[in-house]
2 protein chains.
Amino acid sequence: MNEPQPLFRALADPTRRDILLMLRTEDMTIAQVAENFDMTRAAVKKHLTVLSDGGLITVRAEGREKINTLNPSAFAPIKDWLSYFDAFWDDRLGDLKSAIEKDVQ
Amino acid sequence: MNEPQPLFRALADPTRRDILLMLRTEDMTIAQVAENFDMTRAAVKKHLTVLSDGGLITVRAEGREKINTLNPSAFAPIKDWLSYFDAFWDDRLGDLKSAIEKDVQ
DNA sequence: TAAACATGAAACCCTTTGGTATCACGTGAG
DNA sequence: CTCACGTGATACCAAAGGGTTTCATGTTTA
């Protein structure tokens, strides 16, 4: 449970990763985000939906505009997943240590 | 340069993420990996190719077998990319600090 | 109220992707 | 040498993805 799939999916596209980088410095409307890309507002809106599905952004209405805000805490599951491979490092270092010790004898 | 796209792409599929987790404990042939999934060996081979393109595994021939080995150092670019959002945290905390100080006056 | 504006949503198109089945090829064991 | 075995590669298929166009809806503003 707590499926990280929508999160990994959201990060798999370079346009979406660029959007996230943009949103670090300021919240933006859909139109503002779209200004920075050579594609239609509709296409950008689709990307924003995927980012929202992944929990990476939150959207709030402000009059007729929708303000998109970065939600950096959503990166946690990815960091957690990556940490599985930190343990791997420890194991390998352990193996190396054992091998060396065995070799010394 | 040093495009992380093949890396993000490789991690976007749950089957490929599971393969990586398997390879933490031991190197495996294609057939061995395929035993753990309900799909053909050809399909698994495709996933392994994507993982190799992303630099996440290395493959060596051993007789008529191909041994797939995890390459955990390949995760570095993802960690680097994620660190862009650690800086964001610092910025926001700075903003909060400024807001509080202003509020106190 | 009427018109401009920001967005939502659906239909459609082409490409990519995850999967299959099939056949060819190098390697190992009788 | 033969034949089974592990793999590589290709053609093929259905579904998903990224994009466009078009139209509908709610919100300002003149």
Side-chain angles (χ1 to χ4, degrees), chain A residues 3-23 26-71 74 78 81, chain B residues 3-23 26-71 74 78 81:
Chain A
E3 267 299 324
Q5 179 55 21
L7 181 52
F8 279 101
R9 208 270 237 191
L11 294 181
D13 184 89
T15 298
R16 288 194 289 268
R17 291 197 301 275
D18 286 344
I19 292 176
L20 291 174
L21 289 173
M22 286 179 198
L23 292 178
E26 54 176 350
D27 298 351
M28 300 174 84
T29 65
I30 300 180
Q32 285 174 326
V33 174
E35 283 173 8
N36 296 277
F37 295 97
D38 186 24
M39 67 182 73
T40 62
R41 183 193 51 76
V44 168
K45 156 73 171 158
K46 282 190 182 183
H47 284 305
L48 290 171
T49 299
V50 176
L51 288 171
S52 178
D53 290 346
L56 286 159
I57 64 172
T58 56
V59 188
R60 72 175 186 277
E62 198 157 290
R64 61 183 167 189
E65 299 181 335
K66 292 294 180 70
I67 315 288
N68 298 274
T69 305
L70 183 65
N71 176 29
I78 285 218
W81 190 86
Chain B
E3 267 300 323
Q5 179 56 21
L7 181 52
F8 279 101
R9 210 273 243 190
L11 294 182
D13 183 90
T15 299
R16 289 194 288 269
R17 292 197 301 276
D18 286 343
I19 292 176
L20 291 174
L21 289 173
M22 285 179 198
L23 291 177
E26 54 175 350
D27 299 350
M28 299 174 86
T29 66
I30 299 178
Q32 283 174 327
V33 175
E35 283 173 8
N36 295 278
F37 294 96
D38 187 23
M39 66 181 73
T40 63
R41 184 192 51 76
V44 169
K45 154 74 171 156
K46 282 191 182 182
H47 284 304
L48 290 171
T49 298
V50 176
L51 287 172
S52 178
D53 290 346
L56 286 160
I57 64 171
T58 56
V59 188
R60 71 174 188 278
E62 199 158 290
R64 61 185 165 187
E65 297 180 335
K66 292 295 181 68
I67 314 289
N68 299 274
T69 306
L70 182 66
N71 175 28
I78 286 218
W81 190 87

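Just so it is clear: chains get the letters A, B, ... in the order the sequence lines come, proteins before strands, and each one is counted from 1. None of the values given here were measured: they were computed from a predicted structure. The figures here come from the full heavy-atom set of this structure, side chains too, leaving out hydrogens, waters and symmetry mates.
Taking both residues in full, the closest heavy atoms of A/L11 and B/F8 are given as O-CD2, 3.6 Å, listed atom of the first, atom of the second, then distance. Of all the heavy atoms in B/T29 and B/N68, the pair that sits closest is C-ND2, 3.8 Å. When all heavy atoms are compared, the tightest approach of B/D13 to B/T15 is OD2-N, 2.8 Å.
Taken from CG in B/L7 to CH2 in B/W81, the straight-line distance is 11.5 Å, to the nearest 0.5 Å.
Here salt bridge (Lys or Arg N to Asp or Glu O under 4.0 Å) pairs that include residues 57-71 of chain B, with residues two or more places apart or in two chains, are B/D27-B/R60, B/R60-B/E62.
OP1 or OP2 of D/dG19 has not a single side-chain nitrogen or oxygen of A/K45 nearer than 4.0 Å. For D/dG17, the OP1/OP2 oxygens have no side-chain nitrogen or oxygen of A/H47 closer than 4.0 Å.
In the region residues 37-44 of chain A, proximity to DNA chain D at under 4.0 angstrom, judged on heavy atoms, holds for A/M39, A/T40, A/A42, A/A43. Residues from residues 7-15 of chain B with heavy atoms under 4.0 angstrom of DNA chain C, sorted by number: B/R9, B/D13.
Each of B/A31 and A/V50 lies near DNA chain D, and the nucleotide nearest B/A31 is the one positioned closer to the 5' end. In terms of position on DNA chain C, the residue among A/K46 and A/I67 whose nearest nucleotide sits closer to the 5' end is A/I67.
With a 4.5 Å cut-off on side-chain heavy atoms, A/Q5 and B/R17 count as touching.
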Once base and sugar-phosphate atoms are separated, protein heavy atoms under 4.0 Å mark nucleotides 25-30 of chain D, 5' to 3', with B, S and - as --BS--
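Atom CG in A/L48 sits about 13 Å away from atom P in D/dG18, given to the nearest Å.
Applying the side chain to side chain contact (heavy atoms under 4.5 Å, CB included) test to A/A12 and every residue at least two apart in sequence or in another chain returns B/A12. Not counting sequence neighbours, the partners of B/A43 by the side chain to side chain contact (heavy atoms under 4.5 Å, CB included) test are B/M39, B/T40. In terms of the side-chain hydrogen bond (donor to acceptor under 3.5 Å, both in side chains) criterion, residue partners of A/N71 (sequence neighbours excluded) are, by chain and number, A/S73. With sequence neighbours left out, A/E35 forms a side-chain hydrogen bond (donor to acceptor under 3.5 Å, both in side chains) with no residue at all. Applying the side-chain hydrogen bond (donor to acceptor under 3.5 Å, both in side chains) criterion to B/R16, with sequence neighbours excluded, gives B/H47.
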Would you mind writing out the side-chain donor-acceptor pairs for residues 48-59 of chain B within the sub-3.5 Å range, not counting sequence neighbours?
unit_1 : atom_1 : unit_2 : atom_2 : d
B/T49  : OG1    : B/K45  : O      : 3.0

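You can see that DNA chain C meets the heavy atoms of chain B within a 4.0 Å-exclusive cut from C/dT17 to C/dG28, reading 5' to 3'.
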